[in-house]
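Working notes, structure below.
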Amino acid sequence: MNALLSFSSFRASRFPLSALALAAVLAGCSVGPRYEQPTTAASVNWKEQKTAEGWLPAAPADALDRGEWWKLFGDATLDELAGRVQVSNQNIAAAVANYSQAQALVRGERAALFPSVSLDGSGKRSGTVGGSSTSSPSNAFSATLGASWTPDVWGRLREAVSSAQANAQASEADLAAARLSAIGDLATNYFSLREADTEIVLLDETIQGYQRAFEITSNRYQAGIAAQTDVLQAQTQLVNAKAERVGLQRTRATYEHAIAALLGVAPADFSLPAAQWTPVVPGVPLGVPSTLLQRRPDIAAAERTVAAANSQIGIARAAYFPNIGLTASVGSSASRVKDLFSSANSLWSLGFSVAQVVFDAGAIAANVDSAKASYESSVARYRQTVLTAFQAVEDQLTASATLAEQEGFRREASAAADKTEQQLLNRYRAAQVSYTDVVTAQAAALSARRTLVQLQVSRQTTAIALIQAMGGGWQAGWMGDGNNAKADAAAPQPAASRTQ
C-alpha cells in the first residue's frame, strides 16, 4: 500500500518552490554503502622463482600497457597474423559491440538524473452531420509544454549510474580478455602448425632413409645374403612412416583451419605455406613481480562486478524512502492556431508528489538482503579469480622450467639415437647384426627426433600460456620495451645422420 500526496494545477505559491529547494538540497544524499575494493592476498613474488617475501593486497591494474607481447617470439608471419586477428576476429567484434552497448546503458542511466521535457499539440475540427441544424463546424487547437523531474534525493539514480559504469568497465575488461585470448589462440595454433611442418620435414628425410634401407635389404635378399623377413621389416618401416606423414598433413590442415576461423575468414579462403620454424622461447626475467598479474582482464572485470553489486545495495535501500516527483506544464487552447500564443488563452500548472511504501510484508528488506548476498558472492568470485590466476602462473612457471631442463636431455638422447641407428645399419651391411636390431634403432631414432620437436613447441605454447596468465606478458609497464628478456633460439637440429 502506498501513501500518495499530490498537488497539481494550482496558482503560484510558496509550497512548490519550497519543495524544489528541498529536493535540490536532498539530492546530495545517498543511502548506498561506500565502495571499498575487496581485499585478497597476493604474494610479492612467485613460488617457482623461490623469492616469495610476503603478501600484498591485490588491486586490479588492467590499465597498464601490455605491449605487443607476440613480438617476443620474433616471427614476422605471426606478427602479421596478429594484426589481422585484432581487426577481423568475430569474438573481438562481439566484445567491442558489448562494450558499446554497456557505454550506451551508462548514458541512459545518467539521463535519468535530468528533467524530461515534452511538447504536445493537437488540432480538431467538428460539426454536425444531416438534420436541421445550421451551426457551422468549429475548430479546437491546443499546445502544451510539460516537464517532469524525479530528483535523486536518496541517491538511487546515482547508484544506478555507478552500477552501469562499473558494468561498462567490466565489459571493457572483457574486450581486453577477448583480444588476449584470440591472439593467444592464434599464436598457439600457429606454432603448432609450424611444428607439424618440421615433423613433416623430419619424416620426409626419414622416408628417404627408409627407402634406401629397403633397397639395400632387397638387393641383399636377391643376392641370397639376407632373409626375406629383412625385406618385409624394411617395407613395414617405410609404409608406416608414409602413413604417419599423411596423418601429420591432416593435423596441419586442422591448425590452418583454426587460424582461418580466428582471422574471420572461411578456411577455403586461407592458406599458410610451409616455412622454416625457429622455436624462439622468451625467457622470463628473474624477479618479475606478481603485481603484474593484476593486469589480467578477468581480475579487473571481476572487481568491477563487485563495484556494480555494491551499487545495487544502494538502489535496493532507496526503496525505503519516499519517491518524490515534480511536474510543470504550460499550455494554451484556442479555436484558431494564431490565438494559441495569446496570453489570455494560456494555462499553467506545477505539481509535487510524494509516494511512500507503508507496508510491503518485508519485500524491500528481502531485496536489500538479496543485493547484499549478491555482493558477497561477487567478492568471493573475485577472490577465487585471483587465486586461480596465481595457480595458472605457478603452473606455467613450473612447466617452463621443467621443459627447458628436459630439452637438453631430449637433444642428447636424439643425438645418441641417431648414432646408434647409423652404427647398427653399418654393422648390418657387414652381416654382424640382424635387421631386427636396425629396425629397433630406426624406430627409436625417429621417436627421439619427433619428441625433441614436440618438446620445443611445448615450450613455446607454455610461454604463450604464461603470458596470458600474467595478463599480457612481463615486458610492458615493468621493464620498458622488454629488450632485456632473453630468449632461447635453439632451432630443431637435424638428425646427426640418416640411413645411407
Sorted by first residue and then second, give each ring-ring contact (aromatic ring centres under 6.0 Å, His included) pair with at least one member in residues 73-107; sequence neighbours left out.
Phe73-Phe191

Side chain to side chain contact (heavy atoms under 4.5 Å, CB included) test vs Gln237 passes for just one of Thr206, Leu446, Val439, namely Val439

dist Gln384:CD -> Arg381:CZ (nearest 0.5 Å) comes out at 11.5 Å

Measure the shortest side-chain to side-chain distance between Ile200 and Gln249 over non-hydrogen atoms and say whether it is less than 4.5 angstrom.
yes

Within the 4.5 Å heavy-atom criterion, are Leu466 and Met470 side-chain neighbours or not?
yes

Just by distance, do the side chain of Ser370 and the backbone of Ala366 share a donor-acceptor pair under 3.5 Å?
no

Within the side chain of Ser377, is there an N or O that forms a donor-acceptor pair under 3.5 Å with the backbone of Ala373?
no

Lys71 and Asp79 ion-paired at < 4.0 Å
no

Could you walk me through whether Lys372 and Glu376 pass salt bridge (Lys or Arg N to Asp or Glu O under 4.0 Å), step by step?
CA-CA 6 Å; Lys372 289 180 179 178; Glu376 293 298 331; over 6 Å; no

Atom CG of Asp174 and atom CG of Asn91: how far apart are they, to the nearest 0.5 Å?
12.0 Å

For the residue pair Trp277 / Gln460, report whether a side-chain donor-acceptor contact shorter than 3.5 Å exists.
yes

Charged N-O contact under 4.0 Å between Arg449 and Glu421
yes

Within residues 180-200 or reaching into it, pairs that qualify as salt bridge (charged side-chain N to carboxylate O under 4.0 Å, His left out) - sequence neighbours excluded
Arg194-Asp197, Asp197-Arg252, Glu199-Arg450

Candidate pair Tyr190 and Asp75, rule side-chain hydrogen bond (donor to acceptor under 3.5 Å, both in side chains), full reasoning
CA-CA 10 Å; Tyr190 174 77; Asp75 193 299; 2.8 Å; yes

Tell me which pairs pass ring-ring contact (aromatic ring centres under 6.0 Å, His included) where either residue lies in residues 407-461, with sequence neighbours left out.
Tyr428-Tyr435

Is Asp269 reaching over with its side chain to a backbone N or O of Val265, donor-acceptor style, under 3.5 angstrom?
no

To the nearest 0.5 Å, how far apart are CG in Leu81 and CD1 in Ile259?
6.5 Å

Classify the side-chain pair Asn426/Gln422 by whether it contains a donor and acceptor separated by less than 3.5 Å.
yes

Does the side chain of Ser374 come under 3.5 Å of the side chain of Gln312 through a donor N or O and an acceptor N or O?
no

